[in-house]
Amino acid sequence: MIDSGSLTIRGLHTDDWENLYPLLHQDEVLRNSTELPYTPEDGFRERFNNPPATLHTLIAETGQPSGRKRIIGTAWLTQLENRRRHCGELTVVVYPEYQNADVEHMLLQAALELADQWLGLHRVDVLVYADQTATIEFYGQHGFKLEATMRQYAFRNGSLQDAALLARIRPDIGSEEK
């Protein structure tokens with residue numbers, strides 16, 4: 001758990017799905033998600049209450065003046081299986097007002113620490129739409145590099161859109177750059 005003033009980054013609690021559902025169903029989040037949008041509430045609850053052993057979820061919450069906590073972001077890291085067990089797929093989502101702020105950076109850093117130091121992953125992948133230049137730049141600040149552009153990857157805003165696959169190799173392993 002990371003506690004920085006009013007910001008806490010912690011693991012998933014069983015009742016968090018109630019606060020994650022509105023976050024992950026905001027228009028901007030849905031528009032920019034490469035996952036299937038509009039998950040029914042019962043399917044969403046099942047996903048977060050009974051996660052597979054390979055899914056690791058972090059929650060960013062902030063304290064409010066009333067003393068209550070508010071979930072403002074989440075990151076989930078899925079460790080792949082079999083021959084790709086050394087790899088993970090990462091998704092970071094925060095409310096739009098917290099994008100490119102300290103919260104988003106701290107959440108990503110916590111997810112990368114989980115990947116590097118606890119799960120022993122060598123490689124972490126992120127998938128975003130190719131036109132999300134600010135998001136690509138954000139991940140670039142944390143060591144991710146553009147690895148591939150996937151043409152006509154998903155249907156978004158009424159047409160097929162390209163996606164960018166970003167990858168980060170754990171720094172202490174090194175990578176051969178060409």
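On a predicted model such as this, the values are computed, not experimentally measured, just so you know.
Side-chain contact between L77 and L55 is absent, with no heavy-atom pair separated by less than 4.5 Å. With a 4.5 Å cut-off on side-chain heavy atoms, E81 and T54 count as touching. A 4.5 Å side-chain heavy-atom check between F138 and E104 finds at least one atom pair inside the cut-off. Using a 4.5 Å heavy-atom threshold, the side chains of L20 and L12 count as touching. Taking the side chain as every heavy atom from C-beta outward, L90 and D125 never approach each other to under 4.5 Å. You'll find the side chain of P52 stays beyond 4.5 Å of the side chain of T78, heavy atoms only.
In this structure, E61 pairs ionically with R10, as a charged nitrogen and a carboxylate oxygen lie closer than 4.0 Å. With salt bridges taken as basic N to acidic carboxylate O contacts below 4.0 Å, one links R123 and E147. Looking at R70 and E97, a side-chain N of the basic residue comes within less than 4.0 Å of a carboxylate O on the acidic one, giving a salt bridge.
Minimum interatomic distance between L121 and C87 (heavy atoms only, all atoms of both residues): CD2-O, 3.9 Å. Nearest approach of L107 to G73, heavy atoms of both residues: CD2-C, 3.9 Å. Counting all heavy atoms, side chain and backbone alike, I136 lies closest to A164 at CD1-CB, 4.0 Å. Smallest separation of non-hydrogen atoms from G11 and D16: O-OD2, 4.1 Å. Nearest heavy atom pair, residue F144 against residue V126, reads CE2-CG2, 3.5 Å. Heavy atoms only, all atoms of each residue included: L58 and A110 are closest at CD1-C, 3.7 Å.
In the hydrophobic clustering, L160 connects to F155, either directly or through intervening members, whenever side-chain heavy atoms lie under 4.5 Å apart.
For the 3.5 Å distance criterion, the side chains of S159 and Q161 qualify, holding a donor opposite an acceptor.
Note that CD1 of I71 is 15.5 Å distant from OH of Y21, once rounded to the nearest 0.5 Å. With values rounded to the nearest 0.5 angstrom, Q109 atom CD is found 12.5 Å from L114 atom CG. For the atom pair L108 CG and R168 CZ, the distance stands at 8.0 Å (nearest 0.5 Å). Atom-to-atom distance recorded for D172:CG and R170:CZ is 4.5 Å, nearest 0.5 angstrom.
Both tests hold for R156 against Y129: distance to the six-membered ring centre under 6.0 Å, angle to the ring axis within 45°.
Results of the side-chain contact (heavy atoms from CB on, under 4.5 Å) test with I72 over N19, L23, T62 single out T62 as the only residue that passes.
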Report task. Determine, stepwise, if the pair T149 / L146 fulfils side chain to side chain contact (heavy atoms under 4.5 Å, CB included). Result -> CA-CA 8 Å; T149 300; L146 177 65; 4.3 Å; yes

Query - Y95/V103 under side chain to side chain contact (heavy atoms under 4.5 Å, CB included): CA gap, chis, key distance, verdict - result: CA-CA 10 Å; Y95 277 101; V103 171; over 6 Å; no

Query raised in the report: Under the side chain to side chain contact (heavy atoms under 4.5 Å, CB included) criterion, do R85 and L80 qualify, and how do the steps go?
Result: CA-CA 5 Å; R85 183 172 29 242; L80 302 181; over 6 Å; no

Query - Criterion side chain to side chain contact (heavy atoms under 4.5 Å, CB included) on I9 and M106, from CA distance to verdict - result: CA-CA 8 Å; I9 297 177; M106 289 177 70; 3.8 Å; yes

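Without hydrogens or angle criteria, T74 side chain to V93 main chain gives no donor-acceptor distance under 3.5 Å. D162 places a side-chain N or O within 3.5 Å of a backbone atom of Q152 that can act as its donor or acceptor partner.
By the side-chain contact (heavy atoms from CB on, under 4.5 Å) test, T133 is found to be paired with no residue, residues two or more places apart in sequence or in another chain being considered.
Annotation: D131, atom CG; neighbour count of heavy atoms from other residues, nucleotides and ligands within 6.0 Å is above 12.
The aromatic rings of H142 and H105 are tilted relative to each other, their planes meeting at an angle between 30° and 60°.
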